[in-house]
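This report concerns only the one structure given below.
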Amino acid sequence: MSHKEFRLYDTLSKRVKPLETQEPGHLRFYSCGPTVYSYTHIGNFRSFLTSDLVVRTAMALGWRVTWVCNITDVGHLTQDSFADAAGEDKMARALHSKEGERFHNVWELAEYYTEAYKQDWRQLNLVEPTIRPKATQHVREQILAAEDLIAKGFAYETPTGVYYSVEAFPDYGKLSGNTQENLRKGVRDVVQDDNKRESADFAVWKKDDKHLMQWFSPYGWGFPGWHIECSVMARAYLGDTLDLHSGGEDNIFPHHECEIAQSEALTGKPFSNHWLHTRFLQVNGEKMAKSAGNFYTVRGLMEKGFDPLAIRLALMGGVYGKPLNFTDQGLIDAMGNLERLRRAWTLAEAAAANASGEDTLGQTMSVLYSEALDAMCDNLNTSVALAKALEGAKLIAREGESMSAETARSAAEFLSQINELLGIIRSESGVAPTVAAPSGPSDAEIDALVEARNAAKKSKNFAAADQLRNELDALGIELRDSPAGTTWVRKISL
RNA sequence: GGUGCCGUGCCCAAGUGGCCCAAGGGGACGGUCUGCAAAACCGUUAUUCGGCGGUUCGAAUCCGCCCGGCACCUCCA
């Protein structure tokens, strides 16, 4: 096991500190997954990618990781007030929207988007979590937790549900930096529920016999509050105290604040020793929103011709702790870098059959890998880690085809290690990127034109050859001549 | 009103007290290669870090004020 120290920013203590495991060499880690009422967008995936990189770094250090990443398949409220009145929730709204028409019920809708999410997950080459529990599979424990919270004096029943009494938990606010006083003042124009003791009190259970998903409880028909599912599932799979808990920055408040209040009230122990939050992703300088038409999904970008690993690379260009501006140009840049890394690997593999000789890269490659791992251990500095990877690729390319077999082996070893750590060169999932063939000429048609140009070149009819090259360019085809022949790629149009 | 984050070259983006006259990528420019291009490869491209003061032997990094941007405050990764 490596003795490198893995340091990460901790939202709770507001400083970078070593990630410590209660059991030596075994990380117990919980990540908040998506609500499956629509396609998971690349902003969501940025936060899952952060978790993936924590896991990869931990594994590179020789740790064992138990990673739980939940799926929220219960429709939670779009607005507090609506739920009581009309039972409208995110899932129900999705079902009644245009995209929802093809589903017979919310269960089918949740199932569909769960599958889509898992597919996109694999395309991005994210490590498979140890377990992906679904909220709906743990409703019984959520009801038991509600009962226990009432018994312990942290929650109370009203005509509309079971509510957590924020006042009973003095630490409420410790994660987000809010004080209860400020929270009280700051509550926006939310419709007040007079049954609640405090406006800041939050639902553990909602009574609602009209809801599309409902379960029977000691409080009658209804459904669990959003925050209780994570408290319950984290405890079920990882124990009372987690080593690390992660999510998007918007989870800090209220979600994680409420999880802490519930879990610590239930167990009397710290809920998590380390809190990790990924900043939001902006798209071309703007907040990503369906209404703005910049709601990017993995599958959507792949349809435009982007390789999923280029999406991954683009998401890793900046560090997780700062907002990242995801741009079209950034994606194009990433496509280029991806090609460069792959070319270096192909080159190294081909050169493995070369004559034996001095290993001119071994030393440098191991230093570069070590520096990349150091960067990851330094609060997941993906920018620097990526820079080290590209520097290595550059050195390999410089050695060229004639490198010795030993050099080639060192080069391949480096790229393989980098790929394991960063997941950016070749997908481990075995899923072939299903990059859709864009509209336009077929491969065969293009091949025919390329052949015609090659023939013209051979007979030194350069005017005709250039004419064909222009035609192909107009079709969005880029030609690449080399001594070994001509290849072509489709240029990506945004 | 409360809480937190950010402003680094034409663009994206690391670095948060001396290793920085600031990594890496893109772009641009020059070169090698090529029938010419493209691709590839090689090289060049910030005495400077939003502005103004201050602390310090030393600041992009700390403090103050100002300007600009963003997020959260019970829907959101």
Side-chain angles (χ1 to χ4, degrees), chain A residues 11 14 31-35 37-38 40-51 72 75-83 89-90 93 166 173 176-179 181-188 190 199-203 225-227 246-255 257-258 277-282 285-289 313-314 317-319 321-327 329-334 336-337 339-340 343 375 378 381-391 394 397-398 400 457 460-463 465-466 469-470 473 478-483 486-489:
Chain A
T11 311
K14 294 186 174 44
S31 299
C32 283
T35 303
Y37 65 102
S38 179
T40 307
H41 58 67
I42 55 166
N44 301 100
F45 276 115
R46 182 186 192 202
S47 130
F48 306 143
L49 176 58
T50 302
S51 300
T72 299
H76 291 294
L77 324 174
T78 51
Q79 280 180 41
D80 229 9
S81 54
F82 270 139
D89 73 5
K90 283 190 289 193
R93 194 166 65 176
V166 161
S176 57
N178 291 313
T179 62
E181 185 61 29
N182 284 336
L183 286 171
R184 221 163 275 144
K185 277 192 300 196
V187 169
R188 291 186 299 187
V190 173
S199 59
D201 291 353
F202 58 89
W226 175 35
H227 315 302
S246 75
E249 66 170 311
D250 55 324
N251 282 157
I252 296 172
F253 191 90
H255 189 49
E257 196 73 77
C258 295
H277 293 98
T278 302
R279 294 279 156 200
F280 268 117
L281 188 72
Q282 293 197 310
E286 291 172 354
K287 181 173 176 166
M288 185 159 41
L313 213 43
V319 293
K322 280 189 189 178
L324 177 71
N325 188 11
F326 190 89
T327 61
Q329 186 58 50
L331 253 181
I332 292 170
D333 295 356
N337 288 145
E339 238 191 288
R340 213 165 103 188
R343 204 178 311 121
D378 180 17
N381 194 328
T382 46
S383 297
V384 169
L386 239 38
K388 299 299 174 188
L390 289 166
E391 202 177 324
K394 183 184 231 174
R398 188 176 291 172
K457 272 176 69 179
K460 302 225 186 290
N461 184 355
F462 296 123
D466 291 352
R469 184 166 68 198
N470 289 339
D473 183 66
E478 179 184 292
L479 295 174
R480 295 178 180 178
D481 292 337
S482 82
T486 302
T487 59
W488 56 267
V489 293

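In what follows, chains are A, B, ... by sequence order, proteins preceding strands, each numbered from 1.
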Any [X] side-chain N or O less than 4.0 Å from OP1/OP2 of [N]:
X      : N     : answer
A:R340 : B:G25 : yes
A:N381 : B:G15 : yes
A:T35  : B:A77 : yes

By nearest atom, which of the nucleotides [options] is closest to the [X] side chain?
X      : options             : answer
A:R398 : B:U74, B:A13, B:C42 : B:C42
A:R343 : B:U74, B:G4, B:C41  : B:C41
A:E478 : B:U74, B:C41, B:A38 : B:A38
A:F253 : B:A77, B:G35, B:U74 : B:U74
A:K14  : B:G4, B:U74, B:A77  : B:G4
A:P323 : B:C5, B:C12, B:G35  : B:C5
A:V384 : B:G35, B:A77, B:A23 : B:A23
A:R279 : B:G25, B:G4, B:A13  : B:G4
A:A387 : B:A23, B:A13, B:G26 : B:A23
A:V319 : B:C76, B:G35, B:A14 : B:A14

Once you round it to whole Å, what is the distance between [atom2] of [N] and [atom1] of [X]?
X      : N     : atom1 : atom2 : value
A:R480 : B:A39 : CZ    : P     : 8 Å
A:H41  : B:A77 : NE2   : P     : 6 Å
A:L386 : B:A23 : CG    : P     : 17 Å
A:Q282 : B:A13 : CD    : C1'   : 14 Å
A:I252 : B:A71 : CD1   : C1'   : 9 Å
A:K322 : B:C6  : NZ    : P     : 7 Å
A:L479 : B:A40 : CG    : P     : 14 Å
A:F45  : B:A77 : CZ    : P     : 11 Å

Aromatic plane relationship, A:F202 with A:H227 - under 30° parallel, 30 to 60° tilted, over 60° perpendicular: perpendicular
Base of B:C36 paired with side chain of A:R469 (donor-acceptor, under 3.5 Å): yes
Any N/O donor-acceptor pair, A:D481 side-chain to B:A37 base, under 3.5 Å: yes
Side chain to side chain contact (heavy atoms under 4.5 Å, CB included) partner of A:F280, the single match among A:E249, A:K322, A:R46: A:E249
Paired nucleotide for B:U45 [Watson-Crick or G-U wobble; both distances under 3.5 Å]: B:G27
Residue pair A:E391 / A:K388, side-chain heavy-atom distance below 4.5 Å: yes
